[in-house]
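Only one structure is covered here, and it is reproduced in the block below.
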Amino acid sequence: MITTTQLAPGVVLTHCPDRRFKKCALSIQLLRPMCYEEAALNALLPSVLLRGSRLHPDLRTITWRLDELYGASVHTMVRRVGNVQTVGLYLSLMEDRFALEPEGVLAPAVEFLGELLFDPLTENGVFDGAVVDSEKKNLISAIESELNDKRAYTAARMIRQMCQGDPYAVPRLGRVEDVAAITPEALYAHYRRILRESRAEITYVGAGSPERVAELLLPFAGALGGGELYAPDQYPLKPVAQPGEFSETMDVNQAKLTMGFTTEVDQRHPDYAAMQVFNDLFGAGMTSKLFVNVREKLGLCYYAGSAYYGSKGMLTVSSGIDECNYEKTRDEILRQLRLCAEGQITEGELSASKQSIVSALRSIPDSPGSVEGYYAADRILGVSLMLEDYISAVETVTAEAVARCAGTLKLHTVYFLKGEGK
Amino acid sequence: MKHTFYPRLDEQVRRHRLSNGLEVCVVKKPGFARKCAYFVTDFGSVHTSFTLDGKTVTTPAGVAHYLEHKMFDMPDGRDITEEFAALGANVNAFTTYDMTAYYFSCTERFQESLELLLEFVSTPYFTEESVDKERPIIAQEILMYDDSPESRLFEEMNRMLYRHHPLREPISGTVESIEEITPELLYECYRAFYRPGNMMLCVAGDVDENEVLAVAERMLPRESGAPVQVHLGPEEEMAPVENLRRFFMDVAMPGFQLGIKCPAGRTGEDFAHWELVAELACEALMGESSGLYLRLYEEGLIDSAFGWGVETITGSAMVVVGGDSYQAEQVRDAILEEAARLARTGISREEFTRMKRSFLGRRVKDLDSFESTCYRLCAYHFEGFDYLRFPEQFDSVRVEELQEFLRDYILADRCAMAIVEPRQGKEEE
């Protein structure tokens, strides 16, 4: 059974017991408000922490230590969960029972994780300047590479426009100019402050007992301030930007049409499961209405799909088209939505979508990483939706509920990215 | 069925060879919802020349990959992908230099999906029209690979390393070679390589192994078919055809692919042991925690794209090293020098133990992935080794073997290096 234990005020361990795996997972995330002031600092911090601790001061000694721990891996975590940006580290380990010596891997690995988090390499009381510079470069190139993937770029650009004034408009990794302005002093001060002030969510998936894991994590509880102060509220999008259409030009061969909708059905709404089914049936599934009609039947686009953002009550539709098909594609997408709202949903479509979602949900418990992802997000969003309850909610969704969900969607923003012309 | 328990990996496997020669293997994963099945033939792009029923056939490059594409065609226009989707399963396939795999994963309705997998892979249906229709699609795929510097580098390297071995040709063939592919040729290859005795069915998940056997017995041919004899050309000399070649493409940064030719021909236990020794030796030489890696990285001679591997494709063996660098030749020379130095001074026992632990742990962790477990069980089965015996393999490796490997195989006269440089730079010259 999944249990949660408060290790200190504002420091909570979610323990997901599972003895089936060869590996276990441990994540620790500090919760920060998603905002322009902090986004770049939060995104940079974990990468700097992974560059060296006082006892393992460079990449080579860190790699040696991870090798000794049976090829353990530690990754940075910078996630967006609704209005929260998380900062942390993710540890993936071989289970103790496969180790050659009785003390196993978990205990020394948790100790090493603590060292990376709480005892970083410093120079004159702040992070090493060369390390900060090199990680700033990496982060900037990660942000800039978003522009290379035009499909991801247009979706993010549309969301930034539609969500103006809302935390969701803030880019997950911050802005290039904010990263460029970070000094080792500012980053270190930020680090000390967020350790002290942030709510911390720790998630463990593996064979270790809750008592043993909690005991190994006790030093963490002491090092964290455990503030409830900065656990931001989660709320759906209430757009302040004016609804409308806007376009941009770039050197692209394929134009992109992206549409943003709002809905009152968010993750806490009784129709949440029905909205997931609608999204699959409308645009996210393998044989969705958009795929079958807009792409296959009418041949209006190279791709067309939808994405539902349950934490914010938003749905987006993205498509890659020939510029001249702009109006036709937009109108056909809206027509398909209207048909759904009018209840034109076949039994076959409904059951295929439900089956595909249920199958994806049933697969979640089959990997430590997806269990961690599900329950950590669930805690941070404050939803408390156990997987079994979610699955039975999806199984009982009716065509009427799907149509009702389609009816709640209001078109807010249309973004059109077109080529520079010949 | 034969039961095997692997106490050091906590895995239960059931195996059985059907009377038609098909090897069936079920990895028991109690309590898991996901299930996956791999149906694999020991037939890849290098199997271009073979003798069946006394008749020798030589095929154009790319025929295995072409056949994989056409396997999804069924009589009366059935759409296999859609039928899997209707069952809630995802189906896919891939072709490598030495095998072709068809696989699906699902949570529900496993038996029906398994029946469908075995049905479509045992139903060859090729017509003049459907084979012609596929040609431009595969040609597009080939052109896409031609645009990729990584695959161009790898292919150039193979052509420099090997005089005769069919590794000289790309997996999907060339736009010209696929012109020669006909339905008759596909049927001929199908008869030679898609017979049960040349294949393996590997399943992972919480499934009843007897059910798997029953489905396999019901869906597949009774007869094993005549065995095929594969020809890989004359034995290769250890010296490459050519040691260094440069070409130009629209790339931002120069890249390289270095191949170091090693003697091939091992099977079973010997094969797996040699491969493990090779991997550990390369890790000591140029792994991310090695002195050489750190030095090259700090000097800016390599970046995070640097990587290496040990490739053991039917009838060949090589160490491959690739990455981005403005000084690829210096990187090669540094690797050769360091190999010679380590062969002389030795690798410390401490470092050896650390590397072994890391390798062992990563392989154990990988067993959580059903796909990679099935893939490896099949690939090693065709080499005559039970992959899940890797912990015992680790026990048997001695540190001296790593040194011997570096001394005997990492040699300048076994190297072939392909370098790609930005086209822009060439024009300026």
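A, B, ... follow the sequence lines: proteins, then strands. Residue 1 opens every chain. The analysis underlying the following values was restricted to heavy atoms, covering all of them including side chains, and did not include hydrogens, waters or symmetry mates.
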TODO: Using the salt bridge (charged side-chain N to carboxylate O under 4.0 Å, His left out) rule, collect all pairs that involve residues 275-294 of chain B, keeping only residues at least two apart or in two chains.
DONE: B:Glu279-B:Arg363
Task: Partner chain A: residue of B:Ser369, B:Gly31, B:Ser289, B:Gly88 with the largest heavy-atom pair count (under 4.5 Å) - done: B:Ser289
TODO: Begin from the C-alpha positions of A:Asp366 and B:Arg34 and carry the test salt bridge (Lys or Arg N to Asp or Glu O under 4.0 Å) through to its verdict.
DONE: CA-CA 7 Å; A:Asp366 284 358; B:Arg34 285 193 73 236; 5.5 Å; no
Task: Which atoms of A:Ala72 approach chain B - backbone, side chain, both or neither, heavy atom under 4.5 Å - done: backbone
Task: B:Glu392, CD atom: more than 12 neighbouring heavy atoms under 6.0 Å - done: yes
TODO: Might you confirm whether atom CD of A:Glu101 has over 12 heavy atoms from other residues, nucleotides or ligands at distances under 6.0 Å?
DONE: yes
Open item on the list: Would you compute the distance between atom CD of A:Glu68 and atom OG of B:Ser358 and round it to the nearest 0.5 angstrom?
Closed with: 10.0 Å
TODO: Check each atom of B:Lys29 against the heavy atoms of chain A and say whether the ones under 4.5 Å are side chain, backbone, both or neither.
DONE: side chain
Open item on the list: Counting only non-hydrogen atoms closer than 4.5 Å, does B:Ser105 touch chain A with its backbone (N, CA, C, O), its side chain (CB onward), both, or neither?
Closed with: neither
Open item on the list: Please find the pair of heavy atoms, one from A:Lys23 and one from B:Lys365, that lie closest to each other, and give the distance.
Closed with: NZ-O, 3.4 Å
- [ ] For chain B, find its close neighbours in residues 350-359 of chain A: heavy-atom separation under 4.5 Å, sorted by number, or none.
- [x] A:Gln355, A:Ser359
Task: Contacting region of A:Leu93 [heavy-atom separation from chain B under 4.5 Å] - done: backbone
Task: Taking every non-hydrogen atom, the tightest pair across A:Asp67 and B:Arg357 - done: O-CB, 3.9 Å
TODO: Give a yes or no on this: more than 12 heavy atoms of other residues, nucleotides or ligands lie within 6.0 Å of atom CZ of A:Arg97.
DONE: yes
Task: A:Ser92 portion near chain B, given a 4.5 angstrom heavy-atom threshold - done: both
Open item on the list: With side-chain contact (heavy atoms from CB on, under 4.5 Å) as the test, pick out the partner of A:Phe21 among B:Leu367, B:Asp368, B:Asp10.
Closed with: B:Asp368
Open item on the list: So for B:Pro391, is it side chain, backbone, both, or neither that comes closer than 4.5 Å to the heavy atoms of chain A?
Closed with: neither
TODO: Drop me the distance from B:Leu294's CG to A:Thr61's OG1, to the nearest 0.5 angstrom.
DONE: 9.5 Å
- [ ] Could you have a look at B:Glu351, B:Glu108, B:Lys356, B:Met355 and say which one has the most heavy-atom pairs with chain A under 4.5 angstrom?
- [x] B:Glu108
Task: CD/B:Glu350: more than 12 non-hydrogen atoms of other groups inside 6.0 Å - done: no
Task: Any donor-acceptor N/O pair, A:Lys22 side chain to B:Leu9 backbone, under 3.5 Å - done: yes
- [ ] Could you tell me whether B:Glu82 atom CD has more than 12 heavy atoms of other residues or ligands within 6.0 Å of it?
- [x] no
Task: Side chain / backbone / both / neither for B:Asn90 at chain A, heavy atoms under 4.5 Å - done: side chain
